[in-house]
Each structure stands twice: as structure tokens, then as C-alpha cells.
Asks: 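Mind having a look at this structure? Questions to follow.
Quantities reported herein were computed from a predicted structural model and do not represent experimental measurements. No hydrogens, no waters, no symmetry mates; every other heavy atom, side chains included, goes into these values.
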Amino acid sequence: GHVSPPLEGRTLRVAQIADPHIGPWQPVAKLRRHTELLSESNPDLVLLTGDYLTRESNGVKGALASALEPLSALPGRCFAIFGNHDHEAHDQVRSELQANGIRLLVNDQASADTPVGPVLVLGSDFVRGEGRADHIRELFSRYPRPDGQLRLFLLHDPTGFQDVPLGEADLTLSGHTHGGQVGLVSMGLPWTVLSRSSVPDHGLFGRGPNLLYVHRGTGFYGFSMRVGVPGEASILDISLD
């Protein structure tokens, strides 16, 4: 696909990879072509929001490292978090991300040098159930935000967005929902099977000053089809004016 040139003015170009799920429906070669395209767009940051493998690809040594190898051309720009599936093979995911210079943030924060100045990237581990809200609040308490510092928050499951303290992150990036996986997006309509639920399914959401972007997913998992909800190659040009 075609990626537009950077917008004029003071913008931050962010590429997101979400839920690639290497396995039966997302071959290594397909994901590698996708990461090559993202790399060629010369993003300031590449943010990977979890679920890199499937049960079928867990233990297939080198698959993830090969698929993400084009990102090794962007040292210091790539940051990742764990999704729920990554807890099934965390050592493999960790080592193969690191093999390409991708920094894994497990309840950790990094500062990235970009053309618009330093950007903080805070990454949450995946936490399920009732402990999630306390986990997110504790994480932000551990990493207070410096005044005037741009900060992005990586959060695999977007349902935790409601627990992000107001004003503590300019933009939260999530995936996990696969965009609802079944819907009418291909017909130009926003409806998906999650549209009437409390789960943010895809696109941009707001809560006070906080913004959330939910990626439809680079791949998918669970059944071998999407219906009306295509995958996504995400490039965000963020205006800082």
C-alpha cells in the first residue's frame, strides 16, 4: 500500500503494530512485508502493542525476529509491550524483540529522542480482571509526568483506558479487540459487533483531555476470517501545535 509523506509542520509520525498473531493466518513473510512498509515510511516512533504469536507459533524459534527484522533499521525508535498471548511465551517474545533493537517496556518508561524533542513512552504489562484498574493507577503513580512532557501510553487492552488518570498521557495506543473483527467497516460504516458494548473497538476515543487510539490489528486470531473489518496499516501523524 501507499504511505503518504509526512505532513508539513511540527508533527510526530508514529507507526503502530498491533496483534500480528504470527501463525496459520499471518505468515512470517506477510508480517515482514508489513514491517518493511512501515520502516520505509520513516516513522519517528514504532510502537508495538502486543500479541505477537499464537499457540501454534509459540516455540517456533526465530519467527518473530525474522518478521520484525526490518525494524532493526530504526534503532532507538521502537518500543513494545506484552499482550495477553505473550504471557504464554514471554521469554521467546522478549528475546526476539531485543534481537531487532526493540525495547520491551514491562511496567516501565523510556524517553525517545525524536525530531520534535524527547517523548516519554510508558508501557503497561497485560493485567486481567479486577486488578487492572489498581495496576494502571499504581503505574502512573510510579512514573509521574514532568510538566510539559509529551507522553504516550502503550496499553494492550483498551478497556483499561477508563482507568488512565486524566491528563497523565496525551495518547494511549491499544489493540486487542481486532477492531471487533465482524462489522460493516469495509462498507464505510463504523458499526462492529462491539459497537454497542463498553469496549472501544477501533479508532479514536476521548475521555476529558485523554485520547485513545485503538488499532484494528495487523493480523487476527480465533477464527480464520474477518467479516467487514479489514486489518490496518497504521501511520499516525500527530500535530503538536
Asks: Show your reasoning for whether side chain to side chain contact (heavy atoms under 4.5 Å, CB included) applies to Q92 and L64.
Replies: CA-CA 9 Å; Q92 178 185 358; L64 180 61; 5.6 Å; no

Asks: Side chains of P20 and L53: closer than 4.5 Å at any heavy-atom pair?
Replies: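 SC-SC contact between P20 and L53 ruled out.
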
Asks: Under a single-linkage definition using a 4.5 Å side-chain heavy-atom cutoff for Ile, Leu, Val, Met, Phe, Trp and Tyr, are Y213 and L45 assigned to the same hydrophobic cluster?
Replies: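 Yes, same cluster.
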
Asks: How long is the straight-line distance from CD of Q149 back to CG of D170, given to the nearest 0.5 Å?
Replies: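 Going from the CG atom of D170 to the CD atom of Q149 covers 9.5 Å.
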
Asks: Atom CZ of R132 and atom CZ of R137: how far apart are they, to the nearest 0.5 Å?
Replies: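 The CZ atom of R137 is 10.0 Å from CZ of R132, to the nearest 0.5 Å.
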
Asks: If you measure only the distance, is there a donor-acceptor pair under 3.5 Å linking the side chains of R151 and Q109?
Replies: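 Result is yes, a qualifying pair exists.
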
Asks: Any Lys/Arg nitrogen of D237 or R13 sitting under 4.0 Å from an Asp/Glu carboxylate oxygen of the other?
Replies: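 Salt bridge: yes.
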
Asks: Measure across G175 and T49 and return the closest heavy-atom pair with its distance rounded to 0.1 Å.
Replies: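 So the minimum-distance heavy-atom pair works out to N-OG1, 4.2 Å.
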
Asks: Might you point out which heavy atoms bring S141 and P144 nearest each other, and give the distance in Å?
Replies: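 Smallest interatomic distance, heavy atoms only, reads O-CD, 3.6 Å.
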
Asks: On a heavy-atom basis, which atom in A67 and which in I22 lie closest, and how many Å separate them?
Replies: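 Looks like CB-CD1, 3.8 Å.
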
Asks: For the atom pair CZ (F153) and CZ (R145), what is the distance rounded to the nearest 0.5 Å?
Replies: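 One finds 13.0 Å between CZ of F153 and CZ of R145.
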
Asks: Which distance, rounded to the nearest 0.5 Å, do you find between the NZ of K30 and the OG1 of T35?
Replies: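 Answer rounded to 0.5 Å: 13.0 Å.
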
Asks: For residues L47 and L152, determine if any side-chain heavy atom of one lies less than 4.5 Å from a side-chain heavy atom of the other.
Replies: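 Counting from C-beta outward, L47 and L152 do come under 4.5 Å.
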
Asks: Side chains of I17 and H215, heavy atoms from C-beta outward: is any pair under 4.5 Å?
Replies: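 With C-beta onward as the side chain, the pair stays apart.
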
Asks: Under 4.0 Å between a side-chain nitrogen and a carboxylate oxygen: does that hold for D108 and R103?
Replies: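 Between R103 and D108 there is a salt bridge, with a charged N closer than 4.0 Å to a carboxylate O.
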
Asks: Would you give the length of the straight line joining atom CG of L236 to atom OG1 of T11, rounded to the nearest 0.5 angstrom?
Replies: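 The OG1 atom of T11 is 11.5 Å from CG of L236, to the nearest 0.5 Å.
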
Asks: Is there a side chain to side chain contact (heavy atoms under 4.5 Å, CB included) between T172 and N210 once you walk through the steps?
Replies: CA-CA 8 Å; T172 298; N210 292 4; 6.0 Å; no

Asks: Quick one: are L31 and Y52 in side-chain contact, heavy atoms under 4.5 Å?
Replies: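 Not touching, per the 4.5 Å side-chain cut-off.
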
Asks: If we only count heavy atoms from C-beta on, is the F79 to L48 side-chain gap below 4.5 Å?
Replies: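 In short, these two side chains do not touch, never coming nearer than 4.5 Å.
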
Asks: Ignoring hydrogens, what is the shortest heavy-atom contact between G76 and A112? Give both atom names and the distance.
Replies: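 Scanning both residues, the minimum pair turns out to be O-CB, 4.4 Å.
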
Asks: Side chain to side chain contact (heavy atoms under 4.5 Å, CB included) with S72: which residues, sequence neighbours excluded?
Replies: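 S72 satisfies side chain to side chain contact (heavy atoms under 4.5 Å, CB included) with E69, N100 once adjacent residues are dropped.
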
Asks: Side-chain contact, heavy-atom cut-off 4.5 Å: V46 with I102?
Replies: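 Side chain of V46 against side chain of I102, heavy atoms only: no contact under 4.5 Å found.
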
Asks: Do the side chains of D44 and R77 get close enough for a salt bridge, i.e. N-O under 4.0 angstrom?
Replies: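 No, D44 and R77 are not salt-bridged.
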
Asks: Can you confirm whether L155 sits close enough to I136 that some side-chain heavy atom of one is under 4.5 Å from a side-chain heavy atom of the other?
Replies: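 Of all side-chain heavy-atom pairs linking I136 with L155, at least one is under 4.5 Å.
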
Asks: Yes or no on side chain to side chain contact (heavy atoms under 4.5 Å, CB included) for D86 and I81, after CA distance, side-chain angles and deciding distance?
Replies: CA-CA 9 Å; D86 303 314; I81 58 171; over 6 Å; no

Asks: Between G206 and L211, which heavy-atom pair has the shortest distance, and what is it?
Replies: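 For G206 versus L211, the nearest heavy atoms are CA-CD2, 4.2 Å.
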
Asks: Backbone N or O of L38 within a donor-acceptor pair of the S41 side chain at under 3.5 Å?
Replies: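 Present.
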
Asks: Roughly how far apart are S124 OG and F82 CZ, rounded to 0.5 Å?
Replies: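 Those atoms lie 12.0 Å apart.
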
Asks: So, for S174 and L212, which heavy atoms are closest and what is the spacing to 0.1 Å?
Replies: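 That closest heavy-atom pairing would be OG-CD1, 3.5 Å.
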
Asks: Mind checking whether L166 and P209 have side chains closer than 4.5 Å, heavy atoms only?
Replies: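 Result yes, sub-4.5 Å side-chain heavy-atom pair found.
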
Asks: Could you go through the side chain to side chain contact (heavy atoms under 4.5 Å, CB included) check for L150 and L120 one step at a time?
Replies: CA-CA 6 Å; L150 178 65; L120 293 176; over 6 Å; no

Asks: Would you confirm whether E96, through its side chain, and G62, through its main-chain N or O, come within 3.5 Å as a donor-acceptor pair?
Replies: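 Present.
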
Asks: Okay, side chain of D51, backbone of A18: is any donor-acceptor separation there less than 3.5 Å?
Replies: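 Side chain of D51 to backbone of A18, a donor-acceptor pair under 3.5 Å: no, none is there.
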
Asks: Any donor-acceptor pair under 3.5 Å linking the side-chain atoms of D125 with those of H156?
Replies: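 There is no such pair (donor and acceptor under 3.5 Å, judged by atom type) between the side chains of H156 and D125.
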
